[in-house]
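Since the model is a prediction, treat every value here as computed from it, not as a measurement. Values below: all heavy atoms of this structure, side chains included; hydrogens, waters and symmetry mates excluded.
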Amino acid sequence: MGLHVGDTEVRDGDYSGRVMNRAARVMAAGHGGQVLATAAVLAETEGRLPAGAGFRELGTHRLKDLTEPERIYS
């Protein structure tokens, strides 16, 4: 699962745009059973996670078709 957050576009009843593309690229960087998130997700959830829950940084990754590397968290 790949998680990213931001404004999306709706076309013909389906979500699209840069946010959806980035989430798909993050998802593709993982393997079965992994849940990966971007720094934008960390910022959105800061101070709102249940006790004991958190993220582990997995480093910066170059993702297909994206010009800037993305810091990925699990």
Side-chain angles (χ1 to χ4, degrees):
M1 180 184 301
L3 304 173
H4 183 57
V5 80
D7 294 330
T8 59
E9 302 167 22
V10 179
R11 291 184 194 153
D12 299 323
D14 199 10
Y15 294 100
S16 65
R18 291 180 177 191
V19 170
M20 300 304 293
N21 290 340
R22 187 168 297 271
R25 297 303 187 246
V26 170
M27 179 179 66
H31 55 80
Q34 250 187 332
V35 178
L36 302 179
T38 63
V41 173
L42 264 66
E44 274 298 310
T45 59
E46 188 173 346
R48 297 168 31 180
L49 294 176
F55 292 94
R56 181 172 36 127
E57 184 176 340
L58 300 178
T60 302
H61 297 265
R62 299 285 313 183
L63 303 176
K64 181 180 176 184
D65 299 329
L66 300 180
T67 57
E68 297 296 320
E70 185 74 54
R71 192 167 301 276
I72 302 287
Y73 300 84
S74 176

Residue list, side-chain contact (heavy atoms from CB on, under 4.5 Å) with Leu58, at least two apart or on another chain: Gln34, Leu36, Arg56, His61, Ile72, Ser74

How many angstroms lie between atom CG of Leu42 and atom CZ of Phe55, to the nearest 0.5 angstrom? 5.0 Å

Can you name the nearest heavy-atom pair linking Arg25 to Lys64, along with the distance? NE-O, 2.9 Å

Check side-chain contact (heavy atoms from CB on, under 4.5 Å) between Arg11 and all other residues, then give those that pass, not counting sequence neighbours. Glu9, Ser16

Is Leu3 linked to Met20 within one hydrophobic cluster, defined over Ile, Leu, Val, Met, Phe, Trp and Tyr using a side-chain heavy-atom separation of less than 4.5 Å? no

Report the residue from Asp65, Leu66, Val5 that forms a side chain to side chain contact (heavy atoms under 4.5 Å, CB included) with Arg22. Leu66

Among residues at least two apart in sequence or on other chains, which ones pass salt bridge (Lys or Arg N to Asp or Glu O under 4.0 Å) with Arg71? Glu57

Does any part of the side chain of Val26, heavy atoms only, come nearer than 4.5 Å to the side chain of Thr38, both counted from C-beta? yes

To the nearest 0.5 Å, how far apart are CE in Met27 and CG in Leu63? 12.0 Å

Return the minimal non-hydrogen interatomic distance between Pro69 and Thr60, and the atom names on each side. CB-CG2, 3.2 Å

Nearest non-hydrogen partners of Glu70 and Ala39, listed with the distance: OE2-N, 4.1 Å

For Val19 against Asp7, the heavy-atom pair lying closest together: CG2-O, 3.1 Å

Any donor and acceptor pair, going by atom type alone, linking the side chain of Arg62 with main-chain N or O of Thr67 inside 3.5 Å? yes

